[in-house]
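Since the structure comes first, as structure tokens, the remarks are kept for the end.
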Amino acid sequence: MENRKVSIPDLHAMKAKGEKIVMHTAYNHWQAQMAEEAGADTILVGDSVGMVEHGFSSTVPVTMEMMLLHCSAVVRGAKRPFIIGDMPFLSYEVSPEEAVRNAGRLIKEAGVDAVKLEGGRSRRDTISAIVRAGIPVVGHVGLTPQSATQLGGFKVQGKDRERARQVLEDAVSVQEAGACMVVLECIPTPLARLITERLSIPTIGIGAGPFCDGQVLVFHDLLGIFNSFKPKFVKRYLNGRETLVEALSRYTQEVRSQTFPEDQHGFSMDASDLEGL
Ligand code: KIV
């Protein structure tokens, strides 16, 4: 793909050609720059920010103000990837009108290319209203972390026939409502494969096996930085926490042992200019 911004037709063309779509998450300027350098097609500013950057135990406390701040930093950091801003809990559930207003803020104030919201059949009208307002929407079905308590915790969804049918219907609803893409989180591989074959919009999997049109992993998970827990579907490509703590410890030790800073890290001046001060 050329160096211009990735568009929705580009992502749909990738599905048609069987080219995998790579989605990264990023929450600030430098993470977005690194995701772009690593070749991301699309970047999600997930509400996972609440857990990986703010230390909350779930995504529920995340606010619109937090998302606006993180999304705008990411938009300044990455030019080519298609950037998606997550709608936080209670920013789209109260009414479709309020959902349109909040989605509009992420587009107008933060500059993202699309918004993402959780839920299937129950969010049909909300997704339609946002799309009718001219704002691209990415759906999210399967395990929907904002309602994890109702789902019985962070666990695999759609494992029996009836629940699998519900996840499939959720995905179809999201597409019929006008979403341009859908995240499938934590569902069995064969179900994700079937949904991917049934839908014309791209599916992006996380804990949904290899047959989705694309994949997403949280930045802190894939770099081994987040260590509160490690879901089964996470692959760590770096022992990031250990590597970073090791560098920080070296700095700590060098300050204590007075081996940092060295001459090369300081600035000189003529001794005569200090005389008489
Ligand atoms: O918030 C997030 O990072 C997400 C991904 C896990 C899909 O929604």
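Since this is a predicted model, take the numbers as computed values, not measurements. Atom set for the values below is all heavy atoms of this structure, side chains included, hydrogens, waters and symmetry mates excluded. Every number for a ligand or one of its atoms is a count from 1 in the order of the listing.
Those atoms of ligand 1 that come under 4.0 Å of a heavy atom in G46, given as number and element, are 1 (O), 2 (C), 3 (O). Listed by number with element, the atoms of ligand 1 under 4.0 Å from a non-hydrogen atom of I206 are 6 (C). Contact atoms of ligand 1 toward K116: 8 (O) (distance under 4.0 Å to a heavy atom of the residue). Within the listing of ligand 1, atoms 1 (O) sit less than 4.0 angstrom from a heavy atom of D47.
Remark: distances from the non-hydrogen atoms of E118 to ligand 1 are all 4.0 Å or more.
Salt bridge annotation for D170-R163: absent, with no cationic side-chain nitrogen under 4.0 angstrom from a carboxylate oxygen. With respect to E169 and R121, a salt bridge is recorded, a charged nitrogen being found less than 4.0 Å from a carboxylate O.
Between the side chain of H265 and the backbone N or O of E262, at least one donor-acceptor pair lies under 3.5 Å. Here the side chain of Q175 pairs a donor or acceptor atom with the backbone of S200 at under 3.5 angstrom. Remark: the backbone N or O of G46 is not paired with any side-chain donor or acceptor of K116 at under 3.5 angstrom.
We find the CD1-CD distance between I130 and E97 to be 11.0 Å, quoted to the nearest 0.5 Å. With rounding to the nearest 0.5 Å, the separation of CD in E36 from NZ in K79 is 8.0 Å.
Among protein heavy atoms, the minimum distance from atom 7 (C) of ligand 1 is reached at L44 CD2, 3.7 Å. Ranking protein heavy atoms by distance to atom 2 (C) of ligand 1, first place goes to S48 OG, 3.2 Å.
Contacts with ligand 1 closer than 4.0 Å are made by no heavy atom of T59, backbone or side chain.
Considering backbone and side-chain N/O of E185, none are found under 3.5 Å from N/O of ligand 1.
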